[in-house]
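Accompanying notes for the structure given below.
Note that this is a predicted model, so its numbers are computed, not measured.
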Amino acid sequence: MSSIKRAVSLYSYQDEYVRGKLTLEGCLQELAEIGVEGVEVITDQMFHNTPETDDASIKSWKEMVNRTGIVPVCNDIFINTNLYHNRMLTKKENLDFLKKELVQAHKLGFPMVRLVSATPADIIEEALPLAEELNVIMALEVHAGMALDNALTKKFTDIMFKLDSPYLGLVVDTGIFCRRHPRVSTAFFLDQGLNPEIVKYIDDIFASGDDPLELSHNKLPEDLEKMVRSRIDREYILFAGGYENKDFSVLDPYMPYVKHFHGKFWEMTEEGTEYSIPYKELIEYLKEKGYQGYIASEYEGGRFALPGTEIDAVAQVRKQQDMLRSYI
């Protein structure tokens with residue numbers, strides 16, 4: 001039997017949370033109701049004054065966890081390097097913020113912090129002794145648009161390989177394994193006037209086994225440039241670069257360091273599968289590699305809700321959890 005475990009990132013419920021449909025405890029109760037084992041939290045989203053949340057709020061969180069029986073798995077943190085209008089944070093300021101985040105994660109009961117993709121690599125080695133002392137793993141997110149061949153990601157992985165510490169690793173976002181462009185994104189941009197010719201252009205790239213990552217970072221090919229008629233067309237092309245089409249084998253050298261997965265998804269179909277990402281094949285790959293960590297549902301389809309439609313992340317997450325359970 002597989003040792004892969006299931007979690008949900010509360011990022012998924014951001015719309016329900018901000019509109020007051022779900023409280024923080026309500027989110028945990030929802031997970032308990034559908035039999036989810038673990039939770040991933042973005043403390044910037046749901047905790048006041050992070051990374052210096054007061055003791056009363058931390059105590060309240062722990063009581064919620066105890067009542068619902070949900071396991072804290074990962075705390076998504078941000079080092080806000082552009083906090084000030086006129087300058088970037090210094091190395092010392094970045095390091096101080098990271099240390100505060102590690103302390104707070106420990107207080108909240110999280111064994112891991114997800115470092116956002118652009119976390120400065122030069123603070124990692126100096127933060128490592130505190131991470132070891134607190135028993136909190138620092139894991140950099142490998143996100144589509146900034147995957148393993150990205151220069152900033154490589155700075156971290158170089159340090160990770162060099163130090164070879166159990167307290168350093170990776171959070172892999174499954175958006176790097178898109179086999180089709182999310183059609184909810186396409187529908188959203190078409191509703192705003194996107195040129196359908198560009199849709200076909202992007203879809204054909206995915207169908208060929210490639211992805212449009214390079215289109216987001218370089219001058220557009222002449223044939224594609226001729227199709228651009230509006231700002232919406234350019235935005236769509238830019239967004240398209242945020243979905244990568246990598247083979248699972250790209251993870252082979254990194255699997256000993258992979259601590260967690262973001263189970264990114266945009267649309268669960270009526271057939272019970274995710275439209276863009278081949279989760280059945282991915283989970284088979286992870287079983288072969290002996291992965292024993294969590295896959296946390298991360299619903300991102302809400303950002304493409306059409307005007308006048310309701311976002312129902314709860315229903316979408318339930319469907320994805322059913323799918324993950326069946327494949328695991």
Side-chain angles (χ1 to χ4, degrees), residues 2-7 9 40 73-74 76-77 79 98 111-128 131-132 136-179 205-206 208-214 216-217 241-265 274 276-296 298 324 327-328:
S2 174
S3 298
I4 300 172
K5 297 175 282 291
R6 294 176 294 108
S9 169
E40 180 171 350
V73 172
C74 185
D76 290 9
I77 67 170
I79 308 301
L98 178 52
M112 182 189 321
V113 293
R114 185 273 349 229
L115 305 175
V116 75
S117 301
T119 299
D122 61 357
I123 62 175
I124 299 304
E125 188 165 0
E126 291 180 57
L128 186 56
E132 293 172 342
V136 176
I137 296 166
M138 295 185 292
L140 185 81
E141 182 169 14
V142 178
H143 195 282
M146 292 188 67
L148 292 159
D149 51 358
N150 179 271
L152 288 177
T153 304
K154 191 173 184 306
K155 283 183 179 180
F156 179 89
T157 55
D158 286 348
I159 292 171
M160 180 186 75
F161 286 131
K162 182 186 80 170
L163 298 178
D164 194 26
S165 167
Y167 291 93
L168 288 179
L170 301 173
V171 173
V172 177
D173 184 290
T174 58
I176 70 175
F177 301 124
C178 284
R179 301 301 182 247
I205 292 175
F206 278 99
S208 74
D210 202 352
D211 61 48
L213 176 65
E214 293 302 317
S216 295
H217 300 282
Y243 315 106
E244 296 190 38
N245 187 3
K246 297 290 186 285
D247 190 82
F248 303 137
S249 62
V250 73
L251 293 182
D252 287 355
Y254 301 92
M255 279 307 299
Y257 299 92
V258 174
K259 307 293 185 181
H260 187 61
F261 276 86
H262 281 172
K264 179 66 62 62
F265 73 109
E274 209 287 321
S276 299
I277 299 171
Y279 271 98
K280 187 175 190 296
E281 292 83 355
L282 172 59
I283 289 173
E284 287 303 316
Y285 169 84
L286 296 180
K287 288 179 180 179
E288 290 173 7
K289 297 299 178 181
Y291 177 70
Q292 298 183 14
Y294 284 85
I295 300 175
E298 189 180 62
L324 293 177
Y327 293 157
I328 291 171

If you define the side chain from C-beta out and look only at heavy atoms, does anything of [X] sit under 4.5 Å from [Y]?
{"X": "V116", "Y": "D76", "result": "no"}
{"X": "F265", "Y": "E298", "result": "no"}
{"X": "I295", "Y": "T174", "result": "no"}
{"X": "K259", "Y": "M112", "result": "yes"}
{"X": "M138", "Y": "L98", "result": "yes"}
{"X": "V171", "Y": "L140", "result": "no"}
{"X": "F206", "Y": "P212", "result": "yes"}

Exercise for review: Please assess L152 against M146 for the test side-chain contact (heavy atoms from CB on, under 4.5 Å), listing each intermediate value before the final yes or no.
Suggested key: CA-CA 8 Å; L152 288 177; M146 292 188 67; 3.7 Å; yes

Check your understanding: Under the salt bridge (charged side-chain N to carboxylate O under 4.0 Å, His left out) rule, what pairs show up with a residue in residues 148-157, not counting sequence neighbours?
Key -> K154-D158

Point to revise | Qualifying residue, where the test is side chain to side chain contact (heavy atoms under 4.5 Å, CB included) with F177 and the options are E244, E281, K246, K264 | key: K246

Review point. Which of these passes side chain to side chain contact (heavy atoms under 4.5 Å, CB included) with F156: N150, V142, L170?
Key: L170

Would you find a donor on one side and an acceptor on the other, under 3.5 Å apart, between the side chain of [X] and the backbone of [Y]?
{"X": "N245", "Y": "D211", "result": "no"}
{"X": "S117", "Y": "E141", "result": "yes"}
{"X": "S216", "Y": "G241", "result": "yes"}
{"X": "R114", "Y": "I77", "result": "yes"}

**Study point:** K287 atom NZ: more than 12 heavy-atom contacts under 6.0 Å
**Key:** yes

Point to revise | Other residues, nucleotides, ligands: >12 heavy atoms within 6.0 Å of E125 CD | key: no

Atom [atom1] of [X] and atom [atom2] of [Y]: how far apart are they, to the nearest 0.5 Å?
{"X": "S2", "Y": "Y291", "atom1": "OG", "atom2": "OH", "value": "10.0 Å"}
{"X": "L251", "Y": "Y285", "atom1": "CG", "atom2": "OH", "value": "4.5 Å"}
{"X": "K289", "Y": "E284", "atom1": "NZ", "atom2": "CD", "value": "13.5 Å"}
{"X": "I277", "Y": "L282", "atom1": "CD1", "atom2": "CG", "value": "8.5 Å"}

Contact summary for [X] and [Y], nearest pair of heavy atoms:
{"X": "I159", "Y": "A121", "result": "CD1-O, 3.2 Å"}
{"X": "F248", "Y": "R179", "result": "CE2-NH2, 3.7 Å"}
{"X": "S165", "Y": "L128", "result": "OG-CD1, 3.8 Å"}
{"X": "A296", "Y": "S9", "result": "CB-N, 4.1 Å"}

Exercise for review: For the residue pair F161 and Y254, categorise the inter-ring angle as parallel (less than 30°), tilted (30 to 60°) or perpendicular (more than 60°).
Suggested key: tilted

**Study point:** Audit row: H260, V73, side-chain contact (heavy atoms from CB on, under 4.5 Å) steps and yes/no
**Key:** CA-CA 9 Å; H260 187 61; V73 172; 3.7 Å; yes

Point to revise | side-chain contact (heavy atoms from CB on, under 4.5 Å) between V172 and H143, intermediate numbers included | key: CA-CA 7 Å; V172 177; H143 195 282; over 6 Å; no

Practice item. Taking the six-membered ring of Y279 (Phe, Tyr or Trp), confirm whether the NZ or CZ of R6 is under 6.0 Å from its centre and within 45° of its axis. Key: no

Practice item. Verify the distance criterion only: is there a donor paired with an acceptor across the side chains of S249 and D247 at less than 3.5 Å? Key: yes

Check your understanding: When you look at L168 and I137, which way does the side-chain contact (heavy atoms from CB on, under 4.5 Å) test go after all the steps?
Key -> CA-CA 6 Å; L168 288 179; I137 296 166; over 6 Å; no

Practice item. Determine whether the aromatic ring centres of Y294 and F261 lie less than 6.0 Å apart. Key: no

